[in-house]
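Have a look at the structure below, then the notes.
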Amino acid sequence: MPIINHALKRATIGVNTQTHQGGYTIIELMIAVTLGLLLLAGLTTVFVQNNQSSNEIERANQQAENGRYAMQLLTYDLSNAGYLVEFNPTALTTPTAKPDPCLTAVSDLKSALPLSIQGYDSDNAASTPTCISSDLRLGTDILVVRRASNCAVGDTGCDAVVSGAPYFQASTCGSATELSSSNIANYYALDTNTANLTLHKKDCNPPTVTGTVAPYHQYLTHIYFIANNDKTGDGIPTLKRAELGSSGFTIVPLVEGIENLQIEYGIDGINTDGTVAATKTGSPAMFTADPDSLHSCNAASSPTCTFYWRNTVATKIYLLARNLTTTAGYSDNKTYYLGLKADGTTANTVSSSSDAVAYPSAYKRHVYTSVVRLNNVAGRNTP
């Protein structure tokens, strides 16, 4: 009997022990799952917000980089405008009419040589150069820069000769057939055939004119404009440049996201009424958005207009850059100031709500401005 009782006692203990090893109840499990889901939702929200913030910072950085790079390109080209190696073009005759920058014959390039820059105001669309893209964005300015390359053919790191492209050569030889000549046409050479570039350095030996042939540089004509698209139909406004080469002009995309370009030109050597001043100082006497219409001059036939272009010694550049992609929930209701219009009193502004040209409001934008001195022209005008 004691043995049986002992066995029953052990069985009873075993049953009780198994009962006390139970797991979570269904209520406890549901509470745990709910807390886990809430925690996961919070972490997901934080992740999404951080990802959106990161994307927005990336957009802003890209826009700032694009705007600054576009300004850097324009600033560099303008600061070198009119560079013609050792040749001083002051004695060249100013054209009686504004040159067509799309003409590529050597005679036309020589005729336009005195004008280191010229432009086309956005309010004067009828005068748009024919060699730039038909995708030109309405309401934006066009800028033409003429100069020689800073790199001489044959120098280390410089481009080799491109067959058929125009090249410029300046003489430093005092021969009667070059710098001692009474004909300024003997002071420089501009040609698409480098075999015709035969001017000499200052080590020449008059009158036989033996010595080292002067270096020559590629002659550049750059036409800057804003296109509606980077690639056909992508809707990304882009700063582009038409570049003069061996077979005419080639259009090169430069910077995406540049939505507008406006320029004011600082003119030296004029009075407030537009007449020619007695002296030039190398500094702007006034700024205007359109020298072609300043004091009612006519760019097609008035030498006064081309005088204004020739004596432009500084520019004010206004660039409007936008993000390449939209920002969710953002609406741009700002008005952007891009200098003055040709009348000199009316502000040149654009906005997403009131402009005839499309400025979608879901993009963030920024205006970049700079004043650039045309060192070569200004230096020649300085007393």
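All values derive from a computational prediction rather than experimental measurement.
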- [ ] With Lys98 as the cation and Tyr308 as the aromatic partner, state whether NZ or CZ is under 6.0 Å from the six-membered ring centre and within 45° of the axis.
- [x]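 Cation-pi check for Lys98 and Tyr308: fails.
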TODO: Please answer: with hydrophobic residues joined when any side-chain heavy atoms are less than 4.5 Å apart, are Leu78 and Val144 in the same cluster?
DONE: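 No, no single cluster joins them.
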Is [Y] close to [X] at the side-chain level, that is, under 4.5 Å between some pair of heavy atoms?
X: Thr104; Y: Leu244; value: yes
X: Leu92; Y: Leu113; value: yes
X: Leu340; Y: Glu264; value: yes
X: Tyr336; Y: Lys334; value: yes
X: Ile236; Y: Leu324; value: yes
X: Thr327; Y: Arg59; value: yes

Over all atoms of both residues, closest heavy-atom pair of [X] and [Y]:
X: Gly211; Y: His200; value: O-CD2, 3.7 Å
X: Ala170; Y: Val85; value: CB-CB, 4.2 Å
X: Pro237; Y: Gly235; value: CD-O, 3.3 Å

Open item on the list: With ring pair (Phe, Tyr, Trp, His ring centres under 6.0 Å) as the rule and sequence neighbours excluded, what pairs involving residues 354-375 come up?
Closed with: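 Residue pairs passing ring pair (Phe, Tyr, Trp, His ring centres under 6.0 Å), neighbours aside: His366-Tyr368.
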- [ ] Could you name each residue pair satisfying ring pair (Phe, Tyr, Trp, His ring centres under 6.0 Å) that touches residues 314-335, not counting sequence neighbours?
- [x]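 Checked against ring pair (Phe, Tyr, Trp, His ring centres under 6.0 Å) - neighbours excluded - no pair reaches residues 314-335.
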Open item on the list: Within the supplied structure, the quantity of interest is the number of heavy atoms (other residues, nucleotides, ligands) at a distance under 6.0 Å from Leu35 CG; does it exceed 12?
Closed with: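 More than 12 heavy atoms, drawn from other residues, nucleotides or ligands, come within 6.0 Å of this atom.
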Task: More than 12 heavy atoms from other groups under 6.0 Å of OH on Tyr69 - done: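 Atom OH in Tyr69 is not packed in, count stays at 12 or less.
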Task: Cluster companions of Leu103 among Ile, Leu, Val, Met, Phe, Trp, Tyr (side-chain spacing under 4.5 Å) - done: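 Via sub-4.5 Å side-chain contacts, Leu103 links to none.
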Open item on the list: Can you tell me how far apart CG (Leu374) and OH (Tyr265) are? Round to the nearest 0.5 Å.
Closed with: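 If I round to the nearest 0.5 Å, the distance is 10.5 Å.
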TODO: Considering only NZ, NE, NH1 and NH2 on the basic side and carboxylate oxygens on the acidic side, decide whether Asp77 and Arg147 come within less than 4.0 Å.
DONE: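 Answer for the salt bridge query: yes.
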Open item on the list: Would you say the rings of Phe168 and Tyr188 are close, in the sense that their centroids are separated by under 6.0 Å?
Closed with: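 Between Phe168 and Tyr188, which both carry aromatic rings, the centre distance is below 6.0 Å.
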